[in-house]
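First the structure, in the form of structure tokens, and then the observations on it.
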Amino acid sequence: MDNTQAKKYSNTKLILGITEAVVSFVLLLLFIIFNLSIQLEVYIRNFISSNYLALLVFILVLSFVSLIIFSPLNFYTGYYLEHKYNLSNQTFWKWILEGIKGSLVGAVIGIPILFLFYFILRNFGIYWWLPFGVLMFLVSVVLAQIVPVIILPIFYKITPIENESLKERIVNLSKDAGLNVQNVYKFNMSKNTKKANAAFTGLGKTKRILLGDTLLDNYTEDEIETVIAHELGHYKRKHIIKNIFIGTVFSFLTFFLIAQLHGLSLSWFGFSDITQIASLPLLFLWGAVIGLVQTPISNNISRRFEYEADNYAITSTNKKDTFIQTLEKLTDQNLGDREPHPLVEWFFYSHPSIKNRTKNLDS
């Protein structure tokens, strides 16, 4: 298939994503440099005495201003671009509704974490990174368990797959991988997009395999079997455990570095204390800088895991040609760039390009 459209789509999204990140960073830096952060906190405290309520209002104001500034860009990338390349099934109002639902879910999860963070900051001072790292680890474990059964159903209709033959294949594949999975579901991915996907989600009793209806409707049982084998390869090669360990190490290291840099840079911008609400945007700035360094490292690890899962998919099913064919179809359906620039793939891609995945399988 001609890669021209896919490359235009991918490059446009990449350029717009970089633009949004740079503009966000610069605006937040200017917000701090020109003392607008301090002025906003002073203004809020004229009406609110509670530290936690003042913090919430402060964050809500920043979120609202950010929404206003980036609404045109979000509309272009999230709605217009997807329709331009015939990838979206959403109407404008459905797109708005999904955004509202996402924001509400984010608020329900994020506001308690915000309050707990500020509580830890006020009680542990410069050492906040250690208890907060423990807290976020626990939160990630809880979220991994509740996302499939509580959060995903808010956005999608999830039902057991009706194809008993395919279900039997998937259950047998799971057993071969040492995993007892009886929960195989489909979700109405087509309500939003023409793209296709599948996932292995959950922990403990909430473990389940999810198949997008766009995958079930457009792929053969053999093709779907290889996709699931790839997902199970992550379990078989202990990528889930490794990712938990790596993610935990990265989280603690990131929080530690942010805490140190935040404390050291307070005086540069006229802040007096790490608990000062006006100084908290500095945390996001330092987080962005550290994230910039960590991104290619974490993506490199992720791509290695993807290669290992690919290898497991063909050894467990003995359907190498079918798997490659499926990867080709998924790349075309999802409008993925077949040959991104090597530097772009190295820095931004968590999954290898189809060109490199095929090369790995052929070797």
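Note that CG of Asp222 is 10.0 Å distant from CG of Leu166, once rounded to the nearest 0.5 Å. Interatomic distance, OG of Ser50 versus CZ of Arg45, reported as 8.5 Å (0.5 Å rounding). Separating the CZ atom in Phe119 from the CG atom in Leu55 is a distance of 14.0 Å, to the nearest 0.5 Å. The structure places CD1 of Ile48 at 4.0 Å from CG of Leu53, a figure rounded to the nearest 0.5 Å. Atoms CG and CE, from Leu216 and Met189 in turn, are 11.5 Å apart once rounded to the nearest 0.5 Å. Once rounded to the nearest 0.5 Å, the distance linking NZ of Lys157 with CG of Asn188 reads 7.5 Å.
Under the 4.5 Å side-chain criterion, counting only non-hydrogen atoms from C-beta, Leu211 is in contact with Ile228. Contact annotation: the side chain of Leu327 never approaches that of Val227 to less than 4.5 Å [non-hydrogen atoms, C-beta and beyond]. At a threshold of 4.5 Å between non-hydrogen side-chain atoms, the residues Glu162 and Lys186 count as touching. Asn299 has its side chain out of reach of Trp346: every pair of non-hydrogen atoms, C-beta onward, lies at least 4.5 Å apart. Contact annotation: the side chain of Gln333 approaches that of Thr214 to within less than 4.5 Å [non-hydrogen atoms, C-beta and beyond]. Proximity of Ile18 to Phe348: side-chain heavy atoms (C-beta onward) are separated by under 4.5 Å at one or more points. Residues Leu130 and Phe256 have side chains not in contact (no heavy-atom distance under 4.5 Å, counting atoms from C-beta outward). Contact of the Phe70 side chain with the Val23 side chain is registered, since non-hydrogen atoms from C-beta on lie closer than 4.5 Å.
Geometrically, Lys191 engages Tyr156 in a cation-pi contact defined by less than 6.0 Å to the ring centre and at most 45° from the axis.
Here the side chain of Lys195 pairs no donor or acceptor atom with the backbone of Leu330 at under 3.5 angstrom. With Thr331 contributing its side chain and Gly336 its backbone, the two residues share no donor-acceptor pair below 3.5 Å. In terms of modelled atom types and a separation under 3.5 Å, the side chain of Asn89 and the main chain of Thr193 share a donor-acceptor contact. With hydrogens and angles ignored, the 3.5 Å screen pairs a side-chain donor or acceptor of Thr315 with a backbone N or O of Tyr312. Side chain of Asn172 to main chain of Glu168: a donor-acceptor pair is present (N/O by atom type, distance under 3.5 Å, no hydrogens or angles). For the pair Asp273 (side chain) and Thr275 (backbone), a donor-acceptor distance under 3.5 Å is present. Side-chain N or O atoms of Asn300 include none that pairs as donor or acceptor with a backbone N or O of Pro296 at under 3.5 Å.
The neighbour count for Phe117 CZ, taken as heavy atoms of other residues, nucleotides or ligands under 6.0 Å away, is above 12.
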Kindly indicate, with the supporting measurements, whether the criterion side-chain contact (heavy atoms from CB on, under 4.5 Å) is fulfilled by Leu232 and Ser174. CA-CA 7 Å; Leu232 291 171; Ser174 302; 3.8 Å; yes

Under the criterion salt bridge (charged side-chain N to carboxylate O under 4.0 Å, His left out), I'd like the reasoning laid out for Asp176 against Lys236: C-alpha separation, chi angles, the key distance, then a yes or no. CA-CA 9 Å; Asp176 292 340; Lys236 185 68 174 179; over 6 Å; no

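Note on ring orientation: taking the six-membered ring where Trp is involved, the planes of Phe31 and Phe58 are tilted (angle from 30° to 60°).
Under the 4.5 Å side-chain heavy-atom criterion for grouping Ile, Leu, Val, Met, Phe, Trp and Tyr, Ile68 is not connected to Leu28 through any hydrophobic cluster. Residues Phe25 and Leu67 are members of separate hydrophobic clusters, defined by side-chain heavy-atom contacts under 4.5 angstrom among Ile, Leu, Val, Met, Phe, Trp and Tyr. If you chain together hydrophobic residues whose side chains sit under 4.5 Å apart, Ile246 and Leu138 never meet in one group.
Between Val134 and Phe252, the closest heavy-atom pair is N-CZ, 3.5 Å. The two atoms that bring Asp213 and Ser190 nearest to each other are OD2-OG, 2.6 Å, heavy atoms only. Here the closest heavy-atom approach between residue Ser350 and residue Ser302 is recorded as O-OG, 2.7 Å.
For the pair Glu82 and Lys13, the salt-bridge criterion is met [side-chain N within less than 4.0 Å of a carboxylate O]. Between Arg303 and Glu345, no side-chain nitrogen of the basic residue sits less than 4.0 Å from a carboxylate oxygen of the acidic one, so the salt-bridge criterion is not met.
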Show me, pair by pair, the donor-acceptor contacts under 3.5 angstrom made by side chains of residues 278-294, not counting sequence neighbours?
| from | atom 1 | to | atom 2 | distance (Å) |
| --- | --- | --- | --- | --- |
| Ser279 | OG | His262 | NE2 | 3.4 |
| Ser279 | OG | Gln276 | O | 2.7 |
| Trp286 | NE1 | Leu261 | O | 3.4 |
| Trp286 | NE1 | Ser265 | OG | 3.0 |
| Gln294 | OE1 | Thr254 | OG1 | 3.1 |
| Gln294 | NE2 | Thr254 | OG1 | 2.7 |

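Under the ring pair (Phe, Tyr, Trp, His ring centres under 6.0 Å) criterion, Tyr79 pairs with Phe75, His83, Phe92, Trp95, sequence neighbours left out. Here Phe47 pairs with Tyr43 under the ring pair (Phe, Tyr, Trp, His ring centres under 6.0 Å) rule; sequence neighbours left out. Applying the ring pair (Phe, Tyr, Trp, His ring centres under 6.0 Å) rule to His239 yields the partners His234, Phe305; only residues at least two apart in sequence or on another chain are considered. With sequence neighbours excluded, the residues that form a side-chain contact (heavy atoms from CB on, under 4.5 Å) with Met136 are Ile113, Phe132, Phe255.
In summary, of the residues considered (Lys319, Arg169, Lys329), a salt bridge (charged side-chain N to carboxylate O under 4.0 Å, His left out) with Glu223 occurs for Lys329 alone. With respect to Ile324, the side chain to side chain contact (heavy atoms under 4.5 Å, CB included) criterion is satisfied by exactly one of Ile314, Leu361, Asp310: Leu361.
Phe124 and Trp129 have their aromatic ring centers separated by at least 6.0 angstrom.
Under the 3.5 Å distance criterion, with hydrogens and angles disregarded, no donor-acceptor pair is assigned to the side chains of Asn197 and Asn334.
Within the structure, side-chain hydrogen bond (donor to acceptor under 3.5 Å, both in side chains) pairs that include any residue of residues 100-126 comprise Glu98-Lys101 (at least two apart or interchain).
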